[in-house]
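It should be emphasised that the depicted structure is a prediction, and the values quoted were computed from it without experimental measurement. Below, chains carry the letters A, B, ... as their sequence lines are ordered, and counting in each starts from 1.
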Amino acid sequence: MTTISEPSCIAELISRFNAIAGKQISTLAEQLNLAIPNSLHYTKGWVGQLIELALGANAGNKSIPDFPSLGIELKTIPLNAALQPSESTYVCTAPLNSTIIDWQQSPVYQKLKHVLWVPIEGFASKPLKERRVGTPFLWQPSIEQLAILKQDWEELMELLQLGGIESLTARHGTYLQIRPKAANSKVLSSVLNDAGTLVQTVPKGFYLRTIFTKAILQEQFRL
DNA sequence: AGCTGATCATAT
DNA sequence: ATATGATCAGCT
């Protein structure tokens, strides 16, 4: 495997992501001496990691943006045959026994305030190695989008903090939602419920709804 | 068909 | 255990 260092400035990042636009997965994998899995079934995050390697993202599994010195988060986004996002986008772990922090300090805000979106052909009809990288673009939420994200985050955090975990479902939130994030439903961690009792629950994560990423791509490409 | 809940691999 | 990278698949 070939390792590439973190880009030292935005201009370097821009020239790197422009260089991968339109390329096939197989081309990038060969350049990095990386073996291509037969399918994504057992390697769901493989494309994301491929793009991280190709661009020199180096935050590991720490709760900080992928390009720490640039404060930019990298997100691949799978497109269906109509070139629309086909899946929600994972943001970060949801704290179950949360201590109160404010929006600006939250990992959700820290990651979403500046994102490099990398669209990828994601339709199953096309073999993984033939799928192409779309046109990556840097994005920052608008004032209006930020207000809704903040409102969502506050609503969801309030449910977590006030022990409302048992009533919290993926139906809460306009752009942000909370869904399970674990190896399987048998993985459990302890959390206080609204009666102040410790109960077991599957670990959760924050996700961006597809409707939101769809809007982001439409703004960008005027689809 | 889209959405919610479930799941898979890997690093530390 | 818990973070990262996400997509899968059953139900409505």
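Residue-level contact check: A:P78 touches the backbone only, with heavy atoms under 4.0 Å from sugar-phosphate atoms and none from bases. When heavy atoms are screened at a 4.0 angstrom cut-off, A:K214 is found touching no nucleic acid atom at all. Contact annotation for A:E87: base contact, defined as any heavy-atom pair under 4.0 Å involving a base atom. Across all strands, A:T76 comes closer than 4.0 Å only to sugar-phosphate atoms, never to a base (heavy-atom distances). Residue A:G48 is in sugar-phosphate contact alone, with no base atom involved, counting any heavy-atom pair closer than 4.0 Å across all strands shown.
For A:Q110, the side-chain hydrogen bond (donor to acceptor under 3.5 Å, both in side chains) test picks out A:K113, with sequence neighbours left out. Here A:D102 pairs with A:Q104, A:Q105 under the side chain to side chain contact (heavy atoms under 4.5 Å, CB included) rule; sequence neighbours left out.
Nucleotides of DNA chain B nearest to A:V202 and A:N80 differ in position, and the one nearer the 5' end is that of A:N80. With the nearest nucleotide of DNA chain C identified for both A:G122 and A:E52, A:E52 has the one nearer the 5' end. Mapped onto DNA chain B by nearest heavy atom, A:Q49 and A:K44 fall at different nucleotides, with A:K44 at the one closer to the 5' end.
Placement of A:L50 and A:I72 within a single hydrophobic cluster is found when ILVMFWY residues are connected by side-chain heavy-atom separations under 4.5 Å, directly or transitively.
A ring-centre distance under 6.0 Å is not found for A:F17 and A:F137.
For the OP1/OP2 pair of C:dA6 and a distance below 4.0 Å, the side-chain nitrogens and oxygens of A:S88 include no atom meeting the criterion. The phosphate of C:dT4 (OP1 or OP2) has a side-chain N or O of A:S63 nearer than 4.0 angstrom. Side-chain nitrogen and oxygen atoms of A:Y90 include at least one within less than 4.0 Å of the OP1 or OP2 phosphate oxygen of C:dT4. Checking the phosphate oxygens (OP1, OP2) of C:dA9, a side-chain nitrogen or oxygen of A:H41 falls inside 4.0 Å. An OP1 or OP2 oxygen of B:dG2 is reached within less than 4.0 angstrom by no side-chain nitrogen or oxygen of A:R209.
Rounded to whole Å, the distance from CG on A:L40 to C1' on B:dC8 is 11 Å. Taking atom OH of A:Y207 as the reference point, atom P of B:dC3 lies 16 Å away to the nearest angstrom. Protein atom CH2 of A:W46 is 13 Å distant from nucleotide atom P of C:dA6, rounded to whole Å. Rounding to whole angstrom units, CG of residue A:L53 and P of C:dG5 are separated by 12 Å. Atom-to-atom, CD1 of A:I51 to C1' of C:dT7 comes out at 16 Å; the value is rounded to the nearest Å. Rounded to a whole Å, the NZ atom of A:K204 is 13 Å from the P atom of B:dT7. If you measure from atom CG of A:L128 to atom P of C:dC8, you get 10 Å, rounded to the nearest angstrom. Counting to the nearest Å, the C1' atom of C:dT4 and the CG atom of A:D66 are 9 Å from each other.
The listed nucleotides are B:dT4, B:dA9, C:dC8; the one nearest the side chain of A:T43 is B:dA9.
Judged by distance alone, the side chains of A:E219 and A:Q145 do bring a donor and an acceptor atom under 3.5 Å apart. Judged purely by distance below 3.5 Å, without hydrogens or angles, the side chains of A:Q200 and A:S189 never pair a donor atom with an acceptor atom.
Non-hydrogen atoms lying under 4.0 Å from DNA chain C are contributed by A:R179, A:K181, all within residues 167-188 of chain A.
For C:dT4, its base never sits under 3.5 Å from the side chain of A:K62 at any donor and acceptor pair.
By the neighbour-count criterion of 12 heavy atoms within 6.0 Å, atom CD1 of A:I211 is sparsely surrounded, having that number or fewer from other residues, nucleotides or ligands.
In this structure, A:R179 satisfies the cation-pi test against A:Y207, with its NZ or CZ atom closer than 6.0 Å to the six-membered ring centre and inside 45 degrees of the ring normal.
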